[in-house]
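Here's the structure, in structure tokens; my notes come after.
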Amino acid sequence: MASTSASMETNVGQAHESDGPFIRVIVADTQAIFRAGLRKIFALEDDIRVVGQSETLAQTLSAAKKFAADILIFEAALADNPLEAVSDLIRQTPSLRLVVVTPAPNEELTLELLRRGAHGIVSREVEPELLVDCLHKVSEGHPWLDSRGVQWVLEAYRTQGVRPVSPRPKVQLTPKESLIVSCVTQGMKNKEIALRVGTTEQVVKNYLRKVYDKLGVADRLELALFCLHNRVLDAGVKVPLRRRPHPEMVPPPQQFRLRARKFLQKSRESSF
């Protein structure tokens, strides 16, 4: 039955009051069946608790102020202008992280929601495991997108079609670091980068870790977002043509199949 006001889950009062390891969530969605489905999914997790729910924008604004929560799962369809609604929610409740649920995958909406400050973006067709991964990532202070969203961010960077004017950061990258970052912004994996620049995957990982530390980012997605909003690469950076791998670098068929299966599993994760 639809409620007329924001409500709090009666079975999670302890999690609401505790400063323990729980990720406290408010579910704001127009459909009661969707809210109920999320509650069932999160009930299977030891560290996620739904502390409140709402079905209108007014209720959501009230719930965001009323309930002590870490994350607000916000359906974009709750507002006539979801971009303005996200901006208002972030301004009024800066400590609350927003995960926006879009009706369907949408490149333009995804990029603009990121610019407005959304911490995570999922479509209504998201798999339960990915949504749980999203909440864990966002609760740790990191942005979250699925692999398709990450590709949109990278493409936006490459075309510079959605990049606000920002001063170049003071931190400068070495030529090798710039080359590897350029490869990352083109969507390459570590193994492909290693083949392109003539080194090993471990060396690429070491360079990326240094870049993350320099720029204050945590992973590839944050690096892509940082590049989207700042001028960190020299215009003259060019990625070398693919090099033929040394025979010793080509894995035997059995190892290749095993790595392929692992890759398919990892492709469903938030970071690429």
Side-chain angles (χ1 to χ4, degrees), residues 6 9 12 15-16 22-31 34-45 47-57 59-65 67-79 81-150 152-153 218-219 221-222 224-225 268-271:
E9 296 298 297
V12 293
H16 172 77
F22 297 112
I23 301 173
R24 298 163 298 182
V25 178
I26 296 172
V27 178
D29 196 277
T30 55
Q31 297 184 17
F34 188 78
R35 299 196 303 271
L38 291 189
R39 291 200 303 272
K40 289 183 178 179
I41 291 171
F42 299 150
L44 300 176
E45 303 297 322
D47 60 347
I48 299 177
R49 297 291 183 272
V50 176
V51 299
Q53 60 178 339
S54 60
E55 60 181 355
T56 67
L57 180 58
Q59 291 176 13
T60 301
L61 291 168
S62 175
K65 297 177 181 179
F67 302 141
D70 304 301
I71 296 176
L72 168 63
I73 299 178
F74 178 75
E75 182 194 10
L78 276 172
N81 189 331
L83 298 175
E84 290 299 327
V86 166
S87 296
D88 290 342
L89 284 165
I90 291 175
R91 182 173 59 254
Q92 296 182 32
T93 55
S95 63
L96 190 62
R97 299 185 176 100
L98 262 66
V99 172
V100 181
V101 180
T102 60
N106 183 301
E107 179 177 0
E108 182 178 355
L109 180 59
T110 294
L111 293 174
E112 190 58 34
L113 284 170
L114 286 174
R115 294 183 61 187
R116 296 296 182 106
H119 301 84
I121 302 169
V122 300
S123 68
R124 213 165 184 79
E125 63 189 37
V126 64
E127 295 291 335
E129 312 86 63
L130 285 182
L131 181 56
V132 171
D133 289 343
C134 170
L135 295 189
H136 285 137
K137 189 77 171 178
V138 169
S139 71
E140 295 169 358
H142 305 303
W144 193 96
L145 289 174
D146 61 16
S147 57
R148 177 165 33 188
V150 171
W152 287 337
V153 171
D219 53 29
L221 174 56
E222 289 194 16
L225 293 175
R268 295 173 64 88
E269 298 175 355
S270 59
S271 299

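Every value quoted in this text rests on a predicted model; they were computed, and no experiment measured them.
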Could you point out which residue of [options] forms a side-chain contact (heavy atoms from CB on, under 4.5 Å) with [X]?
{"X": "Leu113", "options": "Leu111, Leu109, Thr110", "answer": "Leu109"}
{"X": "Phe74", "options": "Ile26, Leu57, Val99, Val101", "answer": "Leu57"}
{"X": "Phe42", "options": "Asp47, Leu135, Ile23", "answer": "Leu135"}

What closest approach, in Å, do [X] and [Y] show between heavy atoms, and which atom pair accounts for it?
{"X": "Ala118", "Y": "Val86", "answer": "N-CG1, 4.4 Å"}
{"X": "Ala68", "Y": "Val51", "answer": "O-CG2, 4.1 Å"}
{"X": "Ala76", "Y": "Pro82", "answer": "O-CB, 3.5 Å"}
{"X": "Ser54", "Y": "Arg35", "answer": "O-CD, 3.6 Å"}
{"X": "Ile90", "Y": "Arg116", "answer": "CD1-O, 3.4 Å"}
{"X": "Ala79", "Y": "Ala85", "answer": "CB-CB, 3.6 Å"}

Student check: side-chain heavy atoms of [X] and [Y] closer than 4.5 Å:
{"X": "Val25", "Y": "Arg49", "answer": "no"}
{"X": "Val153", "Y": "Leu145", "answer": "yes"}
{"X": "Gln53", "Y": "Arg39", "answer": "yes"}
{"X": "Lys65", "Y": "Thr93", "answer": "yes"}
{"X": "Ile71", "Y": "Leu96", "answer": "no"}
{"X": "Leu98", "Y": "Ile73", "answer": "no"}
{"X": "Asp219", "Y": "Glu222", "answer": "yes"}

Does this structure show an ion pair linking [X] with [Y], if we count only N-O contacts that are shorter than 4.0 Å?
{"X": "Glu108", "Y": "Arg115", "result": "no"}
{"X": "Asp70", "Y": "Arg24", "result": "yes"}
{"X": "Arg124", "Y": "Glu75", "result": "yes"}

Open item on the list: Return the SG to NE2 distance between Cys134 and His142, rounded to the nearest 0.5 Å.
Closed with: 12.5 Å

Open item on the list: One pair to check against salt bridge (Lys or Arg N to Asp or Glu O under 4.0 Å): Arg148 and Glu125. What are the steps and the verdict?
Closed with: CA-CA 13 Å; Arg148 177 165 33 188; Glu125 63 189 37; 3.4 Å; yes

TODO: Name all pairs fulfilling the salt bridge (charged side-chain N to carboxylate O under 4.0 Å, His left out) condition that reach into residues 86-105, sequence neighbours left out, sorted by first residue then second.
DONE: Asp88-Arg91

- [ ] Let me see the working for Leu130 and Val122 under side-chain contact (heavy atoms from CB on, under 4.5 Å), right down to the final yes or no.
- [x] CA-CA 9 Å; Leu130 285 182; Val122 300; over 6 Å; no

TODO: Step by step, work out the side-chain contact (heavy atoms from CB on, under 4.5 Å) result for Leu114 and Ile121.
DONE: CA-CA 8 Å; Leu114 286 174; Ile121 302 169; 3.9 Å; yes

